[in-house]
Asks: 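Below is one structure. I have some questions about it.
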Amino acid sequence: IERCATPAQPPANEALVGQWGRIFSPHMLRVDWTASDGWSAPRIQPHGPLQLSPAAMTLHYALQCFEGMKAYRGDDDAIRLFRPDLNARRMTSSLQRLAMP
C-alpha cells in the first residue's frame, strides 16, 4: 500500500448523493496483466492518471464500455457473483448512453 501524501477528508455521506463520478477516493487499486505472467500482485496507490498505450484498440476502432463484475469465493469454495443484476443494468444503461447495442 502506497499512501497518498495529502489525503482529503472524505465528505459526509449526505454530500455524496448525486455526486457519482465527481468525488473520488485519494487511492486506487491497480493490478497489471501480461500474457507471459498473468496478473501481478494487486497494489493500492495514490489516485492518478491511467496509462493508455496509443495502440489501444479503443482509440482506433470504437467506443468501449466496461463494467466491473465482482465475484467472491465462499467458505464452501463456491463462487458467488455480487449483484450481477445491478451490474447488467448499469452496463445496459452505459451502452444506451454510448448508443451501442
Side-chain angles (χ1 to χ4, degrees):
I1 296 176
E2 180 186 348
R3 294 189 183 272
C4 177
T6 56
Q9 183 68 22
N13 288 343
E14 304 80 44
L16 296 174
V17 175
Q19 296 300 311
W20 176 255
R22 295 186 186 115
I23 299 175
F24 299 95
S25 165
H27 298 91
M28 62 186 196
L29 175 71
R30 180 172 177 165
V31 186
D32 295 326
W33 185 88
T34 64
S36 59
D37 299 323
W39 292 106
S40 68
R43 59 189 184 274
I44 296 174
Q45 64 188 45
H47 184 271
L50 299 174
Q51 288 185 323
L52 185 63
S53 167
M57 288 178 50
T58 190
L59 298 176
H60 296 277
Y61 296 103
L63 298 172
Q64 291 188 356
C65 186
F66 171 79
E67 177 57 45
M69 176 72 71
K70 294 166 184 66
Y72 300 93
R73 183 179 305 274
D75 292 336
D76 59 356
D77 262 358
I79 303 294
R80 293 178 176 84
L81 297 177
F82 180 69
R83 303 189 321 190
D85 55 332
L86 296 179
N87 281 62
R89 191 178 309 156
R90 261 192 312 274
M91 177 72 113
T92 300
S93 174
S94 296
L95 292 169
Q96 287 173 345
R97 281 194 306 274
L98 292 169
M100 297 174 75

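If you read the sequence from its start, that first residue is 1, and numbering goes on from there.
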Asks: Who passes side chain to side chain contact (heavy atoms under 4.5 Å, CB included) against Ala71, sequence neighbours left out?
Replies: Ile79, Leu81

Asks: For Arg3, which residues count as a side chain to side chain contact (heavy atoms under 4.5 Å, CB included) partner, sequence neighbours excluded?
Replies: Ile1, His27

Asks: Who else is in Phe82's hydrophobic cluster (ILVMFWY, side-chain heavy atoms under 4.5 Å, direct or via others)?
Replies: Tyr72

Asks: Grouping I, L, V, M, F, W and Y whenever their side-chain heavy atoms are under 4.5 Å apart, do Leu52 and Trp33 come out in a common cluster?
Replies: no

Asks: Who else is in the cluster with Leu16 when I, L, V, M, F, W and Y are joined by side-chain contacts under 4.5 Å?
Replies: Ile23

Asks: Among residues at least two apart in sequence or on other chains, which ones pass side chain to side chain donor-acceptor pair (under 3.5 Å) with Arg97?
Replies: Ser93, Ser94

Asks: Is there a path from Met28 to Phe24 through hydrophobic residues (I, L, V, M, F, W, Y) whose side chains come within less than 4.5 Å of each other?
Replies: no

Asks: Please, which pairs that meet salt bridge (Lys or Arg N to Asp or Glu O under 4.0 Å) have at least one residue in residues 45-57, sequence neighbours excluded?
Replies: none

Asks: Kindly write out the residues that satisfy side chain to side chain contact (heavy atoms under 4.5 Å, CB included) with Val17, not counting sequence neighbours, or none if the list is empty.
Replies: none

Asks: Once salt bridge (Lys or Arg N to Asp or Glu O under 4.0 Å) is applied, what residue pairs with a partner in residues 44-59 remain, sequence neighbours excluded?
Replies: none

Asks: Please identify each residue that fulfils side chain to side chain contact (heavy atoms under 4.5 Å, CB included) with Pro26, with sequence neighbours left out.
Replies: Cys4, Pro7

Asks: Under 3.5 Å, which donor-acceptor pairs do the side chains of residues 43-51 form with other protein atoms, sequence neighbours left out?
Replies:
{"unit_1": "Arg43", "atom_1": "NH2", "unit_2": "Asp32", "atom_2": "OD2", "d": "3.1"}

Asks: Quick test of your reading: applying side chain to side chain donor-acceptor pair (under 3.5 Å), list the pairs with at least one residue in residues 74-89, sequence neighbours left out, ordered by first then second residue.
Replies: Glu67-Asn87, Asp76-Arg80, Asn87-Arg90

